[in-house]
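Remember, it's a predicted structure, so these values are computed and weren't measured experimentally.
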Amino acid sequence: MIDTIGMTDIGNGRPSNQDAYLLRQKEKNGKLYLLAVVCDGMGGLKKGEIASHYIVEVLKQWFDETLFDGLETMGIDMIEQNLIDLIRRINQNLLLMSRRMEETKSMGSTLTLLFVEEHEFFVLNVGDSRTYWFDRDRKFVTTDHTLAELELRAGHLTKEQAKKIREDIF
């Protein structure tokens, strides 16, 4: 088993903590499987904690009740595709929920996910929550999906302009 630890922090100037995380691992047929997820409700939107907790609960259910059915026929690439499809369905459900209920209008969450199968892994992310690979130096594994980051990569903004936009938002 892998030692894991999880915690959240409300951050600076936030009225509530919209974070949710999930750490799950199981050994099956001599292989270790690990799912680690961090979701951060989007602070500028209402009820981000509902979105982040919903995502975590659906992924928990997938790991506990679905993943290990038929696992013998799936490789890590198929597991990755299953998770991508599930995340798309989660997003569609969140959009439907936000349209139907006044208290959840405009809710949203970021997502960063690590899945490990024995000695292989993949990372999925949506939004500006990041996953890092720690070695001797801190290295980015994921990049932000923010408008400022996209404009920076496209060459429409300088690093200073993108930093200013991020500071203004947060």
Distance check, rounded to the nearest 0.5 Å: [X] atom [atom1] versus [Y] atom [atom2]?
X      : Y      : atom1 : atom2 : answer
Glu72  : Asn29  : CD    : CG    : 5.5 Å
Thr4   : Leu23  : OG1   : CG    : 4.5 Å
Leu34  : Phe121 : CG    : CZ    : 11.5 Å
Thr112 : Leu124 : OG1   : CG    : 8.0 Å

Return the orientation label for the Tyr33 and Phe115 ring planes: parallel under 30°, perpendicular over 60°, tilted otherwise. tilted
Looking only at heavy atoms, what is the nearest atom pair of Gly127 and Asn125, with distance? O-ND2, 3.7 Å
Excluding sequence neighbours, so at least two apart, what forms side-chain contact (heavy atoms from CB on, under 4.5 Å) with [X]?
X     : value
Thr8  : Asn17, Asp19, Tyr21
Met78 : Met74, Asn82
Ile5  : none
Thr73 : none

Side chains of Leu67 and Lys26: closer than 4.5 Å at any heavy-atom pair? no
Tell me every residue that passes side-chain hydrogen bond (donor to acceptor under 3.5 Å, both in side chains) with Glu80, counting only those two or more places apart in sequence or in another chain. none
What pairs with Thr110 under side-chain hydrogen bond (donor to acceptor under 3.5 Å, both in side chains), at least two apart in sequence or on another chain? Ser129
Hey, could you give me each pair passing salt bridge (Lys or Arg N to Asp or Glu O under 4.0 Å) that has a residue in residues 59-69? Not counting sequence neighbours. Arg24-Asp64
When hydrophobic residues are tied together by side-chain contacts of less than 4.5 Å, even through go-betweens, does [X] share a cluster with [Y]?
X      : Y      : result
Leu111 : Ile79  : yes
Ile76  : Leu113 : yes
Ile55  : Leu22  : yes
Leu94  : Leu59  : yes

Whether over 12 other heavy atoms sit under 6.0 Å from Lys31 NZ: no
Looking at [Y], is its backbone amide N or carbonyl O close enough to the side chain of [X] to form a donor-acceptor pair, meaning the two atoms are under 3.5 Å apart?
X      : Y      : answer
Ser52  : Gln18  : yes
Glu120 : Glu117 : no
Gln25  : Ile2   : yes

For residues 83-93, please give each side-chain donor-acceptor pair under 3.5 Å, one per line with the distance, not counting sequence neighbours.
residue, atom, partner, partner atom, Å
Asp85, OD1, Gln81, NE2, 3.0
Asn93, ND2, Tyr54, OH, 3.0

